[in-house]
Student: 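Below you'll find the structure I mean.
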Amino acid sequence: MAAAASNGQMENEIFRLSVRATHSVVKRNVEGLTHEESLIQPKPAGNCLNWIMGHLLYVYDQALPMVGQKPVMAPGTLKRYERGSVPLRNPAEALELRDLIQGWDEASNRMEAGITGITANALDAPAPFSPSNNPNETVRSLLTVVLFHQAYHAGQTGLLRRIAGKEGAIA
C-alpha cells in the first residue's frame, strides 16, 4: 500500500513540476513585452502572443474544475481564445496582456494546488470532456494532454517574443 501511495505522490509531483516549468517559461518569455507587441502577427500565418496567452488561460480554466479548482476568469471572457478561433487581428477583440498574465499566474497556482491534492482514484475517474472524443478518457489522461498542450504553446511564446524584436529570454 505504501508503494502505491508513493507512486501516486510521485505522479502528482511530476504533474506539478510540469505546471511550474511551463509557467516559468511563459513568464520569462512575456517579461518586458507590451500589449501592442503581444498583438504582432507571425508571418506568413499563426496566432499572436496575445492569443496564445488567452488560449493558455482558456485551457486551464476549462481544466481547473477537474482538479477541484474554480476557473479564474468569468464565463465567456475567454471565448475569443478558444481552440480553432480565427487569428486575433483586431486589437479591439484582445484582452489586455497584463490581465492575461495575471490570469495565467493565478490559473497556474490553482492548477498546481489542485494537482497537489488529487487522489489516484480521482485521476482514474472519467474525464469531464475529451478534446479527441476518446470515450475512455480519464482525468489522468486528459491532464497529461492538457499539460503537454500548455508546454507546446509555452514554446511558441519564445518564438513570438523574438518576432516582437526582443532578445530570447531562455538560453
Side-chain angles (χ1 to χ4, degrees), residues 14-67 69 71-73 75-91 93-115 127-134 137 139-171:
I14 291 167
F15 286 152
R16 290 176 60 225
L17 176 62
S18 179
V19 171
R20 286 192 306 268
T22 300
H23 179 254
S24 175
V25 165
V26 170
K27 287 292 286 193
R28 290 173 67 183
N29 283 330
V30 300
E31 185 177 354
L33 286 171
T34 66
H35 177 70
E36 291 73 25
E37 289 169 329
S38 80
L39 297 170
I40 295 171
Q41 292 293 324
K43 304 286 187 229
N47 285 301
C48 63
L49 184 106
N50 185 285
W51 187 90
I52 297 296
M53 287 301 301
H55 182 63
L56 286 166
L57 183 51
Y58 172 83
V59 168
Y60 265 173
D61 264 10
Q62 299 304 302
L64 282 167
M66 76 177 177
V67 296
Q69 298 289 314
V72 173
M73 305 298 273
T77 304
L78 298 169
K79 183 148 182 60
R80 180 63 185 86
Y81 299 95
E82 285 184 60
R83 178 181 181 197
S85 62
V86 297
L88 181 58
R89 292 190 178 21
N90 181 352
E93 295 177 357
L95 296 177
E96 286 293 322
L97 179 62
R98 71 175 175 273
D99 296 336
L100 294 171
I101 293 169
Q102 287 173 349
W104 170 248
D105 290 344
E106 181 60 26
S108 296
N109 288 338
R110 290 182 190 185
M111 181 59 72
E112 186 175 353
I115 289 169
F129 60 92
S130 175
S132 63
N133 296 315
N134 176 358
E137 192 88 71
V139 170
R140 176 183 283 104
S141 64
L142 180 55
L143 185 58
T144 301
V145 169
V146 165
L147 296 179
F148 170 79
H149 171 273
Q150 302 299 73
Y152 171 85
H153 284 301
Q156 290 177 324
T157 65
L159 296 172
L160 291 164
R161 176 184 179 80
R162 289 179 181 259
I163 288 171
K166 302 286 188 187
E167 291 286 321
I170 299 172

Student: Taking all non-hydrogen atoms of both residues, which atom of A94 and which atom of L39 are closest, and how far apart?
Tutor: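 Nearest heavy atoms, A94 then L39: CB-CD2, 3.6 Å.
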Student: Take V59 and R83, measure what side chain to side chain contact (heavy atoms under 4.5 Å, CB included) needs, and give me the verdict at the end.
Tutor: CA-CA 9 Å; V59 168; R83 178 181 181 197; over 6 Å; no
Student: Compare all side-chain heavy atoms of P71 with those of P65 and state whether any distance is below 4.5 angstrom.
Tutor: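 In short, these two side chains touch, coming nearer than 4.5 Å.
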Student: Can you name the nearest heavy-atom pair linking P128 to V139, along with the distance?
Tutor: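 Between these two residues, the closest heavy atoms are CD-CG2, 4.5 Å.
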Student: Taking C-beta and beyond as the side chain, do L143 and M111 meet within less than 4.5 Å on heavy atoms?
Tutor: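 The answer is yes, as the side chains (C-beta and beyond) meet within the 4.5 Å cut-off.
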Student: Using a cut-off of 6.0 Å, state whether more than 12 heavy atoms not belonging to E31 lie near its atom CD.
Tutor: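 Atom CD in E31 is not crowded, with 12 or fewer foreign heavy atoms closer than 6.0 Å.
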Student: What distance do L49 atom CG and L160 atom CG have between them, rounded to the nearest 0.5 Å?
Tutor: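 One gets 5.5 Å once the value is rounded to the nearest 0.5 Å.
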Student: Tell me whether F129 at atom CZ has more than 12 heavy atoms from other residues, nucleotides or ligands lying less than 6.0 Å away.
Tutor: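 Check passes, neighbour count above 12.
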Student: With N109, which residues qualify under side chain to side chain contact (heavy atoms under 4.5 Å, CB included), at least two apart?
Tutor: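 With sequence neighbours excluded, N109 shows a side chain to side chain contact (heavy atoms under 4.5 Å, CB included) to E106, given in chain and number order.
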Student: Is the backbone N or O of L56 less than 3.5 Å from a side-chain atom of Q150, with the two atoms forming a donor-acceptor pair by type?
Tutor: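 Side chain of Q150 to backbone of L56, a donor-acceptor pair under 3.5 Å: yes, one is there.
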Student: Nearest 0.5 angstrom please: L100 CG to L78 CG, how far?
Tutor: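 Nearest 0.5 Å value for the CG-CG distance: 7.0 Å.
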Student: Tell me which pairs pass side-chain hydrogen bond (donor to acceptor under 3.5 Å, both in side chains) where either residue lies in residues 40-51, with sequence neighbours left out.
Tutor: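 Residue pairs passing side-chain hydrogen bond (donor to acceptor under 3.5 Å, both in side chains), neighbours aside: S38-N50, N50-Y81, W51-S85.
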Student: Look up atom OG1 in T77 and atom OH in Y58, then write down how far apart they are to the nearest 0.5 Å.
Tutor: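 If we round to the nearest 0.5 Å, T77:OG1 and Y58:OH are 12.0 Å apart.
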Student: Looking at S18, is its backbone amide N or carbonyl O close enough to the side chain of T22 to form a donor-acceptor pair, meaning the two atoms are under 3.5 Å apart?
Tutor: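 Yes; judged by distance alone, with no hydrogens or angles, the pair exists.
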Student: Does the side chain of N29 come within less than 4.5 Å of Q156's, by heavy atoms?
Tutor: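 Sidechains of N29 and Q156: no contact.
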Student: Looking at every heavy atom in both V86 and R80, which two are closest together, and how far apart are they?
Tutor: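 Closest approach of V86 to R80, heavy atoms only: O-NH1, 2.9 Å.
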Student: Taking side chain to side chain donor-acceptor pair (under 3.5 Å) as the test, write out the residues that go with R162, two or more places apart.
Tutor: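 Checked R162 against side chain to side chain donor-acceptor pair (under 3.5 Å); zero matches.
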Student: Does Q69 have any side chain to side chain donor-acceptor pair (under 3.5 Å) partners at least two apart in sequence or in another chain, and if so, which?
Tutor: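 By the side chain to side chain donor-acceptor pair (under 3.5 Å) rule, Q69 matches no residue at all.
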Student: Under the rule for side chain to side chain contact (heavy atoms under 4.5 Å, CB included), what residues qualify as partners of A107, not counting sequence neighbours?
Tutor: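 For A107, the residues satisfying side chain to side chain contact (heavy atoms under 4.5 Å, CB included) (neighbours in sequence not counted) are L57, Y60, L64, V72.
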Student: Compare every heavy atom of I115 with every heavy atom of R16, then report the nearest pair and how far apart it is.
Tutor: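 Taking every non-hydrogen atom into account, CG-CG2, 3.5 Å.
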Student: For residues 150-171, which residue pairs qualify under ring pair (Phe, Tyr, Trp, His ring centres under 6.0 Å), counting only residues two or more places apart or in two chains?
Tutor: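 Of all non-adjacent pairs touching residues 150-171, those that pass ring pair (Phe, Tyr, Trp, His ring centres under 6.0 Å) are H55-H153, H149-H153.
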Student: Working to the nearest 0.5 angstrom, can you tell me the gap between L33 CG and I101 CD1?
Tutor: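 One gets 7.5 Å once the value is rounded to the nearest 0.5 Å.
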Student: Quick check for you: to the nearest 0.5 Å, what is the distance between R161 atom CZ and K166 atom NZ?
Tutor: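 Separation between the atoms: 7.0 Å.
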Student: Using side chain to side chain contact (heavy atoms under 4.5 Å, CB included), reason through K27 and D105 one step at a time and then give a plain yes or no.
Tutor: CA-CA 8 Å; K27 287 292 286 193; D105 290 344; 3.0 Å; yes
Student: List the atom of P131, the atom of L142, and the distance in Å for their closest heavy-atom pair.
Tutor: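 Closest pair (atom of P131, atom of L142, distance): CD-CD1, 3.5 Å.
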Student: Given 3.5 Å as the limit, does a donor-acceptor pair link the side chain of E37 with the main chain of T34, or not?
Tutor: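 Between the backbone of T34 and the side chain of E37 there is a qualifying donor-acceptor contact (under 3.5 Å).
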Student: Out of curiosity, M73 CE to Q102 CD, how far, rounded to the nearest 0.5 Å?
Tutor: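 Separation between the atoms: 9.5 Å.
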